[in-house]
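Please read the structure below before turning to the comments.
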Amino acid sequence: MWRFVHLTDLHLASQRDGVWNNRVLCSMMPELMPVLTVDLRTKGADFILATGDLCSRQDRAAVFETYAAMESLGLAYYPMGGNHDFVSEEARAWFLEAFAARLPEPRTYYSFTHKNLHFCVLDPWWRWADGAISPECEPVVAATMDDSLDRARWAIPPEQLSWLERDLAGHRGTPAIIATHYPALPIPDRLRVPGIQDSGTLDNGPLLLELLCDFPDVRAIFSGHMHMHYIARAGGVTQIVTGAMPEYPVEYRVVDVYDDRLELRTLGLSDGRFAARSLIPGKHWTAGEEQDRTAVITF
Ligand SMILES: [Fe+2]
Ligand SMILES: [Fe+2]
């Protein structure tokens, strides 16, 4: 057995606090990271899978600040971008520059194999109102992104889907995981409460799931973006969505990898005060139900 940690949406390098479902307290991250570092030290994880929205301020210095904060965790990690990281082509260039030492290849989408598990990391682009798929965020969407995602949509560009197909074809027989900031599967109805903030799924999530039908080795998709925990299933694929670090419940996933299965559990920080600061009374449901907090995924 070996182990990795999934954490997401750290929203580093920002002092801007706000409210999504609960309070999003970016300003508490400098205080939270040392606690997380100490907590992770005893977990025996080989690496962290960090599924985007790592940086919440859009300039080059912020990306380097984010890199330094991620390095402070003292563990290897695989970074990827989210809507807050990849607003433009320029932002992708900053990411490649800052995280060069952690990327298996100098690209915003990539794959790697760790022991008995293959990982494919995707970089979905922006879907504009006219249907185009672009690496650049539509200006009207970018202007309001901190407060609203109502008009924001994302899709995996066709070239990346072709790459994924080729990559998976070259790794048949090895269990595989997809990691992408935006989930392919939506928030399950059982968790939808009145007034819930829904960050949105991949526009072409159904196309991704259709492609994965030809690759039964792909067992799970790991995502963030929703700022809540949920686990959903489609065919043979399990969608794991993990909540944001600066928002209640301030938790991460620990994934134990065996020869024949993954076992996932959800852990909070040793200091519960960070979660308590974010919680808005009545909005505990971002922690999910029991079935959103543990899972066994067979190969
Ligand atoms: Fe986020
Ligand atoms: Fe996001």
Side-chain angles (χ1 to χ4, degrees), residues 6-29 32-33 36 48-58 62-63 65-66 69-70 77 79-88 91-92 95 108-109 121-127 135-138 141-156 178-187 196-205 221-230 239-253 274-275 278 280 283 286-288:
H6 176 218
L7 53 88
T8 191
D9 293 72
L10 293 97
H11 289 275
L12 295 161
S14 172
Q15 288 298 310
R16 193 181 193 280
D17 292 338
V19 174
W20 192 241
N21 285 303
N22 287 285
R23 292 181 196 97
V24 184
L25 301 176
C26 295
S27 64
M28 78 179 175
M29 289 306 288
L32 185 155
M33 290 298 271
L36 179 61
I48 295 166
L49 190 65
T51 50
D53 280 0
L54 307 182
C55 179
S56 224
R57 203 181 83 221
Q58 280 121 27
V63 184
E65 258 177 63
T66 297
M70 289 300 296
Y77 61 93
M80 68 200 78
N83 48 303
H84 286 269
D85 304 288
F86 288 171
V87 171
S88 62
R92 284 181 172 80
F95 173 90
T108 52
Y109 61 94
V121 171
L122 301 177
D123 166 19
W125 287 5
W126 300 89
R127 171 92 82 186
E136 301 274 339
C137 181
E138 209 161 355
V141 173
T144 57
M145 196 169 62
D146 282 333
D147 303 307
S148 165
L149 288 174
D150 288 352
R151 296 165 76 173
R153 290 154 73 203
W154 305 271
I156 306 164
I178 308 277
T180 162
H181 182 62
Y182 315 96
L185 290 178
I187 302 167
I196 190 171
Q197 291 270 25
D198 182 343
S199 313
T201 50
L202 278 174
D203 246 22
N204 57 0
I221 303 173
F222 280 73
S223 304
H225 186 56
M226 289 297 191
H227 289 214
M228 63 182 285
H229 297 329
Y230 65 83
Q239 171 77 66
I240 310 283
V241 178
T242 297
M245 284 315 292
E247 183 170 352
Y248 183 86
V250 191
E251 290 175 330
Y252 56 93
R253 317 281 204 176
F274 295 102
S278 165
I280 294 175
K283 295 199 169 177
T286 51

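When a ligand or atom number is given, it counts from 1 through the structure's own listing order. This one's a predicted model, so the numbers in the text were calculated from it and none came from an experiment.
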Between Glu65 and Arg57, does at least one N-O distance fall below 4.0 Å, as a salt bridge requires?
yes
Distance-only side-chain donor-acceptor flag, His225 / Asn83, under 3.5 Å:
yes
NE2 of His6 to OG of Ser223: how many Å apart, nearest 0.5 Å?
7.0 Å
Rounded to the nearest 10 degrees, what's the angle OD1 of Asn83 makes with NE2 of His181 at the Fe ion (ligand 2)? Could you check?
90°
Please find out if the Fe ion (ligand 2) and some N, O or S atom of His84 are separated by less than 2.8 Å.
no
Asp9: which N/O/S atom is nearest the Fe ion (ligand 1)?
OD2
Once you measure the plane-to-plane angle for Trp154 and Tyr182, does it fall in the parallel (<30°), tilted (30-60°) or perpendicular (>60°) bin?
parallel
Could you give the distance from CG (Leu10) to CE (Met29), rounded to the nearest 0.5 Å?
4.5 Å
At a threshold of 2.8 Å, where the distance has to be below it, does the Fe ion (ligand 2) have an N, O or S atom of Ser199 nearby?
no
Tell me, which N, O or S atom in His225 is closest to the Fe ion (ligand 2)?
ND1
Closest approach to the Fe ion (ligand 2) by Asp53, given as the N, O or S atom name
OD2
Tell me whether His227 has at least one N, O or S atom under 2.8 Å from the Fe ion (ligand 2).
no
Distance-only, no hydrogens or angles: does the Asp17 side chain make a donor-acceptor pair with backbone N or O of Arg23 under 3.5 Å?
no
